[in-house]
Amino acid sequence: MAAAAAAAEYSIDHKLSKLVEEARPSAAALRAAAQAADAVAELIKRVPQQQTTPEAARGFVRDLGMEEEKLAFTFRPPEMVRLAGSHAAGAVARPDVAADLLVRLPKECFHEKDFLNHRYHAKRCLYLCVIEKNLRSSQLIREVSWSTFQDEARKPVLHVYPATEIADLPGFYIRIIPTANSLFNVSKLNVSTRNNVRAHIKDDGVTLPTPKYNCSILEDMLLEENAEFMSSTFADWKALQEALVLVKVWARQRTSIYTHDCLNGYLISAILVFLTVDSGGSIITKSMTTRQIFRVVMNFLATSKVWAKGLVIQSMKKRTITKEDLANCLKTFDVAIWDISGHVNLAFRMTKSAFVELQDEAACALSCLDKCRDGGLEELFMTKVDFGAKFDSCLRINLKENSKVTSLSYCVDDESWRILEKDVQSLLQQGLTDRTKMIRVLWRSTPSEWKIMDGFSEFSNSPLLVGIMLSSLEKSFRLVDIGPNPENRNEAIEFRRFWGEKAELRRFKDGNIAESTVWECESWERHTIIKRIADYVLMKHLALQKDDLIHIVDQLDFCLLVDGQDPVSSSGALLEAFDTLSKQLRLLDDVPLKISTVQPLDPAFRHTSVFPPEPHPLAYGKSSQRLPNFATTCIRSMEVMIQLEGSGNWPLDNVAMEKTKTAFLLKIGESLEDRGMFVSASEDEVNVLTSGYSFLLKIFHERGLVLQKQAGDDNIQTALSQDKVLFQWSQHSSMINGLHGRYQMYGPVVRLAKRWISAHLFSSFISEEAVELVVAYLFLKPFPFHAPSSRVAGFLRFLRLLSTFDWTFSPMVLDINNDFNLKDEKEINENFMMSRKSYEQNPHDIEPAMFLATSYDKASEAWTKQSPSKSVLKRMAAYAKSSAELLTNLILNGQSGQYTWECLFRTPMSNYDAVILLHHEKLCCPSHVLFPAETPNGHW
């Protein structure tokens, strides 16, 4: 055992090393990048002395609220230009391979009090304008564009693309970042007490501190010192460099934490450096491996209590920051990481909601390390955790030309976009209360193509994104929110102010009288309550129109509705009908053996039927029902498995046993008919019509399983195989029912998955049970996500799983009840390897192509043995990939032209040689058809 464990550890470390190697550019590419950066640095140093003019950035200066006459200065070459960031630390990680050039602004270009009222930011921009103009004229430069530093509009940077591209670094560019080393007196920029933007005042005229503004300048002043300290820490420490690469790759795969208000490469480096110094407890030591360092970092992010006190990178012996400074900082900022100087909080942009998400992701990473195969390498570093797939509900808010935005100054202490993020976050948290586990609000405000002359006018064009992760569905989908007691006058007034007309005073069953809000809806619409609350709150408090809010919740419901209603609403009648039948069967006293078990096997009883059957007027037994104007032309029968009490009188002969079962069924049918039910009986099956539904009765006998294995005759095996199928059906139904009990969103996601399979004409190649198992995998092994709590997110993950799972070389193991042991896993692996023996001779002829292993079917014989074939599975995966890409785009960007939500379920017909069009009105269930058949113009 110990040897096997050691071998497994070595294998994981080897794969991790390979992953790091692939993430890092080659040494030759890095040399080429360094040479390109040096060439740009020389060009910058040779920019001649000249007079600047505010007209070069008129829009930027205007939007900062500056007077142009105060900004003129004589440009002088920078005091220093040096390479910094990942290239200097030896920890470059693809695909983001930009090289940072720090350009030190000369003191002669600034006045002593230019730290006031954005004068520094304006001059900083004008200095870059001169550099940009000169770089554009060089033949060494292909392109120069404007961007922002950490999405802070008042701190532009230049992206410089060399004329010669580096083959191993596609898209490589050099980022020009100004620094302000020793420009101003640090004490004038105290983050807790100083006001340096005179417009930042209370209504009564009292000035307020400007901590964000002050940190923005301090960051530039101390950037060189911090960059130097970090680079020296990483120098000659291979494991630490590799760990930094891994943490970067991990963070970049999670698009909602690698953002302006959470992590970036600079902050990741600072956290790792903190863990190496004595103030951080020297948790990381040089004896650690890369994987050990990564685990330490994840554990620190997820669980450390030091975050509550603030991180200080300064050595304990040289510490200048006091406990009082730390306490004041944490009153001002949500997260504190004090730099090497002790003057600036490097995490001044990080928000509380971002930090909560970061801790959640780190905790999830620890689970992946412990529970996933190969130490979670695929889940941690190769799986994209993007907005659409991660959050249960996504909301896009159009704030362009919104009065709340236009009434704010672009930049005071904080920027208007960040203020709106906080406002939306606060409103949604107050409105949704404990219905949500997490709310993330992100506004990536910097336009992709920014002209500095335009200022900030284009910064509000992109929509604000909100990601909502639900708590338990009982809380999230409740109909009533109970507020304060009216005796608590102030709280009641505030409740009514916030909710307006939705607030009402109600008396509850327990006699309690309280303010409340009620969100009445049909049972099948309860998943839209979150949307209704969010829309109401934002429209009321942010002066938004309905069209400004696109909430991704119910856009896929159209494919599950019949006549505008979800047929699951009638499932109560179905369960009552089955209960009635079950009781009648158990009460039968004229059958030789009593019925001990009655189990429904149809997907409708495990909440996974796309269209659960609705009561049919011709299926009410001998009682008459008035015929409606329209009724389906066929009645769907639902399988019901019956087990009889034990007896030693069953025949041992195989044929006689099957005949005995038939005799029992006929007798049961006769008895039910005597009790007023309509029964259609034959030697092969017995159908019972009662309460509007049709039930197909089948008898299971355990001895049939034994006899089937012993039987040599194929005909006898076929006759007896029904017992095996019933056994597998029974086990499957029980397991899926149990899974739905744990995850209430499982059923709706399966229904969408089946609808998609059917819409693209794959339903004849893959069984419903196989689809149910694939979706079950999402809930049982959700890493790197949490189990989905919405149908849209679950459906997107299903499409991605279907398209990316390595079906050829990996079995999909579903341990629904957590009862697999090492022996079971070994058996499954051996069965899988046996199924792949023919791969080397004929890669296209492997059975089953989709290997689904469960506790009742460790060889994947029940649902996928014959189908889908490898070619069909490959095509299915290609369709799923295309649909997943479209769905992701619809969630994040909305419908565009011909690409609509309906397109997810429209299958291309151009691939077929012949297409048969059916008359819509002559189908047995025309209301189930998504898109009526249309004859293409002259193609067929």
Side-chain angles (χ1 to χ4, degrees), residues 62-63 65 151 153 199-204 208 212 260-261 351 353 387 391 393-433 435-436 439-447 454-468 481 483 491-504 515-519 528-555 891-895:
R62 175 199 66 221
D63 290 342
D151 213 21
H200 192 49
I201 57 174
K202 292 182 180 179
D203 293 337
D204 57 6
L208 296 167
K212 293 283 183 72
H260 58 271
D261 68 343
T351 61
S353 63
F387 224 78
F391 291 101
S393 177
C394 291
L395 169 62
R396 295 197 314 277
I397 306 176
N398 174 27
L399 289 167
K400 188 177 181 181
E401 300 178 359
N402 180 270
S403 60
K404 284 279 186 179
V405 178
T406 55
S407 65
L408 294 170
S409 299
Y410 282 118
C411 302
V412 186
D413 175 43
D414 210 351
E415 298 173 323
S416 60
W417 307 281
R418 309 289 84 86
I419 293 171
L420 261 294
E421 282 178 342
K422 289 179 183 176
D423 288 348
V424 171
Q425 180 91 30
S426 176
L427 287 169
L428 289 176
Q429 284 180 335
Q430 190 173 348
L432 295 172
T433 60
R435 294 174 186 269
T436 64
I439 299 175
R440 279 291 275 130
V441 180
L442 283 174
W443 199 353
R444 292 181 173 86
S445 47
T446 305
D454 294 338
F456 306 144
S457 60
E458 301 297 316
F459 271 56
S460 304
N461 287 358
S462 61
L464 182 147
L465 280 178
V466 180
I468 299 173
D481 282 322
E491 292 181 17
I493 290 173
E494 176 60 26
F495 186 88
R496 285 192 167 270
R497 183 202 65 77
F498 183 81
W499 288 110
E501 62 186 20
K502 285 297 294 183
E504 57 179 275
E515 298 286 354
S516 61
T517 54
V518 182
W519 309 93
T528 66
I529 287 177
I530 292 286
K531 173 182 178 178
R532 292 169 60 193
I533 295 174
D535 288 0
Y536 176 84
V537 168
L538 295 174
M539 289 169 65
K540 174 175 169 55
H541 294 280
L542 289 184
L544 292 166
Q545 300 300 312
K546 188 76 172 175
D547 292 343
D548 294 326
L549 300 167
I550 308 296
H551 208 140
I552 311 302
V553 172
D554 55 356
Q555 280 77 358
I891 292 171
L892 297 180
N893 303 310
Q895 300 184 128

**Q.** From OG1 (T446) to CG (N461), nearest 0.5 Å
**A.** 12.0 Å
Q. How close do F459 and G455 get, heavy atom to heavy atom, and via which atoms?
A. CE1-O, 3.8 Å
Q) Is there a donor-acceptor pair closer than 3.5 Å between any side-chain N or O of K400 and the backbone N or O of S462? A) no
Q) Looking at side-chain heavy atoms only, is the closest gap between C411 and F456 below 4.5 Å? A) yes
Q. Quick one: CZ on R435 to CD1 on I529, what's the gap to the nearest 0.5 Å?
A. 6.0 Å
Q | 4.5 Å side-chain heavy-atom contact, W417 and L399 | A | no
Q.
So, taking the atom named CD in E421 and the one named CG in D423, what distance separates them when rounded to the nearest 0.5 Å?
A. 10.5 Å
Q: State, without any angle test, whether Q545 and D548 hold a side-chain donor-acceptor pair at a distance under 3.5 Å.
A: no
Q) Would you say the side chains of Q430 and H541 form a donor-acceptor pair under 3.5 Å? A) no
Q: For the pair R444 and D151, find out whether any cationic side-chain nitrogen is under 4.0 Å from an anionic carboxylate oxygen.
A: no
Q) Does the side chain of R440 reach to within under 4.5 Å of the side chain of L465, using non-hydrogen atoms? A) no
Q: Might you point out which heavy atoms bring S416 and S409 nearest each other, and give the distance in Å?
A: CB-O, 3.5 Å
Q | Sub-4.5 Å side-chain heavy-atom contact between I530 and V553 | A | no
Q: Locate the shortest heavy-atom distance separating S393 from H551; write the atom from each residue and the value.
A: OG-NE2, 2.7 Å
Q) When you look at L395 and L538, which way does the side chain to side chain contact (heavy atoms under 4.5 Å, CB included) test go after all the steps? A) CA-CA 11 Å; L395 169 62; L538 295 174; 3.6 Å; yes
**Q.** Donor-acceptor under 3.5 Å (Q425 side chain, I439 main chain)
**A.** yes
Q.
A side-chain contact here means heavy atoms from C-beta on lying under 4.5 Å apart; do L420 and E415 qualify?
A. no
Q. Between I397 and V441, does a side chain to side chain contact (heavy atoms under 4.5 Å, CB included) hold up when you go through it step by step?
A. CA-CA 10 Å; I397 306 176; V441 180; over 6 Å; no
**Q.** Student check: side-chain heavy atoms of S516 and E504 closer than 4.5 Å
**A.** yes
Q.
Using a strict threshold of under 4.0 Å (side-chain N to carboxylate O), is an ion pair present between D414 and K212?
A. yes
Q. Less than 4.0 Å between a side-chain N and a carboxylate O, is that true for R418 and D261?
A. no
Q) Which class fits the ring pair W519 and W499: parallel under 30°, tilted 30 to 60°, perpendicular over 60°? A) perpendicular
Q. Side chains of V424 and Q429: closer than 4.5 Å at any heavy-atom pair?
A. no
Q) Should L208 and D413 be marked as a side chain to side chain contact (heavy atoms under 4.5 Å, CB included) after you check the CA-CA gap, both sets of side-chain angles, and the distance that decides it? A) CA-CA 9 Å; L208 296 167; D413 175 43; over 6 Å; no
Q) Is the closest side-chain heavy-atom distance between R396 and L464 below 4.5 Å? A) no
Q: Look up atom CD in E501 and atom CZ in R496, then write down how far apart they are to the nearest 0.5 Å.
A: 11.5 Å
Q.
With rounding to the nearest 0.5 angstrom, report the CD1 to CD1 distance, I468 to I552.
A. 11.5 Å
(Q) Using side chain to side chain contact (heavy atoms under 4.5 Å, CB included), reason through T517 and F495 one step at a time and then give a plain yes or no. (A) CA-CA 10 Å; T517 54; F495 186 88; 4.0 Å; yes
